[in-house]
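A short worksheet on the structure shown next.
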Amino acid sequence: DMEKFIDLRSDTVTLPTQEMREAMYRAEVGDDVYGEDPTVKKLEEMAAEITGKEAAMFVTSGTQGNQVSIMTHTHPGDEIILEEKSHIFTYEVGGIGYLAGVQTRTIPGKKGVMDPSEIEAAIREDDIHFPKTSLICVENTHNRAGGTVIPLNVLKWTYEIAQNHGIPVHLDGARIFNAAIYLGVPVKEIAKFADSVMFCLSKGLCAPVGSIVAGSREFIKRARKFRKMLGGGLRQAGILAAAGIVALEKMVGRLKEDHENARLLAEGLNAIPGIFIDMETVQTNIVICDISGFKINASEFAKRLLKKGIKINGGSGYLVRFVTHYGIEKKDILKAIEAVKEVAEEIL
Ligand SMILES: Cc1ncc(COP(=O)(O)O)c(CN[C@H](C(=O)O)[C@H](C)O)c1O
């Protein structure tokens, strides 16, 4: 059973709180395809206000939110600029090619952050041979870089370059609330440097399902049709949106505990011979470790930790990710550090 494991695979594993379950049970609902679900509408209005956008739309997942945003911003045959290890490029099943029909121009980021001058250099000029660059995607926090935050001045600079070229910016803000807590600013101070923003209710904020896309009224109107096309037109979705409302009202402030737990974990792991962590990347709730010093890969390492009651994702490489979240307490962090120490002693 899940209970006996300390699950550090992802913040996607968070379970809904009792308060969310009660709100879901009591939710006032209607047919959201007709725009008649009062709870979905309330969530969308809250999300628009929080992001400082004109409108917002409930979507079934972060992936659906990113895909629908890209379909809305672009035309088939366009080129989009995004970071080479971004979620949109790495983990969305090639959806942007299949659904939006766009090609990608990836740029290697530093700690997940693309250099705005490299973005500008990648924008296509007007030439009979060239596709049009029609979107720039940024990810904040950046998952594979270790949950790193884009400095606000860099995000502003990126947005100014995009605006100078008449190109929209989409912000994959799956963990934008983590970024806002880290920076000590309201979410809208980040979201103002993007035309569309996606954020997840179902990760650190603990809702069982769903994400939000926010943008101009006109953008959301068109995005709603692409969502419908993908089968995302939901009926009495207020059952799900009710949990999202609790997430936004009650679960944001506590994210700093996840950040403190990640820092505690990183400091403990980094002291173990065979593990290397770039502590500058430990900013929010994700810890990426290089275990090549153990001479076993991520899958073998994950297997050994599983035997000690710790769940992390495997993989063929030598980078492993630990993610802290609502279900993880300080005692679990200390147990995880002990378990890794035992694995290190078995190996070294
Ligand atoms: C930056 C970012 N943007 C989008 C998504 C997609 O969200 P979902 O489609 O899983 O709701 C994720 C999920 N990330 C998940 C995780 O981290 O465990 C997996 C990798 O898909 C994400 O990290």
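Each ligand, and each atom within it, is numbered from 1 in the order the structure gives. Note: hydrogens, waters and symmetry copies are ignored here, and every other heavy atom, side chains too, is used.
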With sequence neighbours left out, what residues match Thr133 under side chain to side chain donor-acceptor pair (under 3.5 Å)?
none
Could you pull out all residues at least two apart from Lys256 that satisfy side chain to side chain donor-acceptor pair (under 3.5 Å)?
none
Nearest 0.5 Å, please: how far is CE in Met251 from CG in Asp258?
9.0 Å
Report the distance from atom OG1 of Thr141 to atom CD of Gln283, rounding to the nearest 0.5 Å.
9.0 Å
Find all atoms of ligand 1 within a distance of less than 4.0 Å from any non-hydrogen atom belonging to Ser61, and give their numbers and elements.
9 (O), 11 (O)
Which of the ligand 1 atoms, numbered from 1, are nearer than 4.0 Å to a heavy atom of Glu139:
1 (C)
What residue and heavy atom of the protein are closest to [atom], and at what distance?
atom	answer
atom 19 (C) of ligand 1	His87 NE2, 3.8 Å
atom 3 (N) of ligand 1	Asp172 OD2, 2.8 Å
atom 8 (P) of ligand 1	Gly62 N, 3.5 Å

Distance-only N or O hit between ligand 1 and [X], under 3.5 Å:
X	result
Gln64	no
Ala174	no
Lys203	yes
Thr12	no
Glu92	no

Side chain, backbone, both or neither: the part of [X] lying under 4.0 Å from ligand 1 by heavy atom:
X	result
Ile88	neither
Thr63	both
Arg321	side chain

Which of these, Arg9, Arg144, Arg175, has its nearest heavy atom closest to atom 23 (O) of ligand 1?
Arg175
Is the count of non-hydrogen atoms from other residues, nucleotides or ligands lying under 6.0 Å from Glu54 atom CD greater than 12?
yes
Is atom NE2 of His165 surrounded by more than 12 heavy atoms (other residues, nucleotides or ligands) closer than 6.0 Å?
yes
Quick one: do Glu342 and Lys307 make a salt bridge, cutoff under 4.0 Å?
no
Is the shortest heavy-atom distance from the side chain of Phe193 to the side chain of Thr158 under 4.5 Å?
no
Decide yes or no for Thr51 and Lys188: does some side-chain heavy atom of the first lie under 4.5 Å from some side-chain heavy atom of the second?
no
